[in-house]
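Comments concern the structure below.
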There are 2 protein chains.
Amino acid sequence: MAAHTHHAHGDPAAWTDHAARTLAEHGTRSGGARRAVVATLADQDCCASAQEIHERLRAAGRPVGIASVYRSLDLLHGLGLVTRVETGDGVARYEPALPGGEHHHHLVCVRCGGVEAFEDDALERAIHAVGDRVDFDVTAHDVALRGRCRACRAA
Amino acid sequence: MAAHTHHAHGDPAAWTDHAARTLAEHGTRSGGARRAVVATLADQDCCASAQEIHERLRAAGRPVGIASVYRSLDLLHGLGLVTRVETGDGVARYEPALPGGEHHHHLVCVRCGGVEAFEDDALERAIHAVGDRVDFDVTAHDVALRGRCRACRAA
DNA sequence: GTTCCTGCAAAATTTTTGCATCAGT
DNA sequence: ACTGATGCAAAAATTTTGCAGGAAC
């Protein structure tokens with residue numbers, strides 16, 4: 001992995017391409033606002049809320065209407081290109097979803113609100129087993145572990 | 001278990017008592033609004049949002065200010081008497097938390113929005129193992145499996 | 001009697017929607 | 001040109017806060 005940045009979702013460019021292709025297949029036009037949202041999503045280490053994306057774009061000198069951010073996220077989520085993450089503070093966060101189904105879960109710090117990602121095969125297996133057992137057609141899942149991050153534990 | 005209703009949280013009266021005791025120990029006064037919220041929580045099969053609790057109380061002829069519902073839930077959550085559940089639709093839901101730490105997770109139907117509870121020891125063990133492994137002081141966790149419930153799968 | 005609780009209303013936030021305009025195909 | 005995409009503003013929905021009156025202790 002690169003020394004300066006680590007992206008929890010593999011190669012950002014790969015996801016951007018995948019997203020662009022999927023959007024094209026779906027017959028959508030390529031407008032600037034959505035392209036900017038996709039680029040911002042691809043560029044994050046972890047999940048971001050609509051408001052955060054909006055703010056980041058404004059700060060980057062490419063302001064996008066907040067409505068377009070919400071509409072883009074809605075569309076991307078509907079196409080399975082982003083995962084919706086609930087970190088517990090009542091706002092929806094989104095992050096790129098890779099086609100392979102490879103994914104991670106989140107550690108949420110109850111003190112500073114920070115979010116970190118983790119992966120665990122045994123956990124995935126256990127979840128899969130539950131999915132087979134229940135009377136429910138499970139298509140997705142998410143896990144949030146809450147507690148204190150290293151920094152906040154020390155404080 | 002009773003034939004007419006199944007409460008996923010054990011005996012409702014036991015939790016109500018436990019809550020009343022904890023609140024008393026904490027030095028709070030016993031007002032009518034919070035008592036009504038506690039009673040409503042104790043009486044549910046699964047999680048409910050603040051708005052739902054508010055509406056239920058109004059329907060039951062015991063209207064409570066929405067602010068009191070939010071304040072009660074905040075307090076109860078702070079004391080660990082209720083668990084906050086994120087079902088993915090962007091609203092916070094709450095359900096009684098038993099002192100023993102016994103808990104369950106949720107199956108959320110992406111079509112009808114319904115929520116069901118499930119328990120799984122292997123899953124708990126896997127989560128616990130992750131908690132030991134990561135550089136995070138994990139104190140709580142929740143899992144949501146999304147998909148289609150039996151009824152919506154047929155439709 | 002003091003202090004917390006409660007309800008109402010106002011405010012702050014987050015998200016959705018309507019509509020005129022602009023841009024991609 | 002046609003039609004979807006965008007931005008603005010208004011609306012809707014959710015949650016928080018200020019404050020005055022009432023209730024618990």
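Letters A, B, ... mirror the listed sequences (proteins, then strands); counts begin at 1. Here the structure is a predicted model, which means the values were calculated and not measured.
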Nucleotide C:dT16, atom P - distance to NE2 of A:His54 in whole Å
15 Å
Quick one: label A:Gly32 by what it contacts on the DNA or RNA (base, sugar-phosphate, nothing), any heavy atom closer than 4.0 Å.
sugar-phosphate
Between P of D:dG4 and NE2 of A:His26, the distance in whole Å
12 Å
Without decimals, in angstroms, what is the distance between A:Leu23 CG and C:dT25 C1'?
16 Å
Before giving the answer on side-chain hydrogen bond (donor to acceptor under 3.5 Å, both in side chains), spell out for B:Arg148 and A:Thr139 the whole-Å C-alpha distance, their side-chain angles and the decisive distance to 0.1 Å.
CA-CA 8 Å; B:Arg148 300 205 152 205; A:Thr139 53; over 6 Å; no
Would you tabulate the pairs of protein nitrogen or oxygen atoms and nucleotide nitrogen or oxygen atoms of nucleotides 12-18 of chain D closer than 3.5 angstrom?
from   : atom 1 : to      : atom 2 : distance (Å)
D:dT15 : OP2    : B:Tyr70 : OH     : 2.5
D:dT15 : O5'    : B:Tyr70 : OH     : 3.3

Charged N-O contact under 4.0 Å between B:Glu52 and B:Arg93:
yes
Among D:dT6, D:dA5, C:dG7, the one nearest B:Ser68 by side-chain distance
C:dG7
Could you check how far CD1 of A:Ile53 sits from P of D:dG7, rounded to whole Å?
14 Å
Just wondering, more than 12 heavy atoms not from A:Arg153 lying within 6.0 Å of its CZ?
yes
Got a salt bridge between B:Asp142 and A:Arg146, using NZ or NE/NH1/NH2 to carboxylate O under 4.0 Å?
yes
Nearest of C:dT6, D:dG7, D:dA5 to any side-chain atom of A:Arg62?
D:dG7
Would you indicate which nucleotide in C:dT25, D:dA24, D:dA5 comes nearest to any side-chain atom of B:Arg29?
D:dA24
Start with the C-alpha distance between B:His103 and B:Glu119, add both sets of side-chain angles, then the distance that settles side-chain hydrogen bond (donor to acceptor under 3.5 Å, both in side chains), and finish with yes or no.
CA-CA 7 Å; B:His103 66 281; B:Glu119 294 178 56; over 6 Å; no
Rounded to the nearest angstrom, tell me the gap between atom CZ in A:Arg35 and atom P in D:dA5.
12 Å
Parallel under 30°, tilted from 30 to 60°, perpendicular over 60°: which one fits the rings of B:His141 and B:His105?
tilted
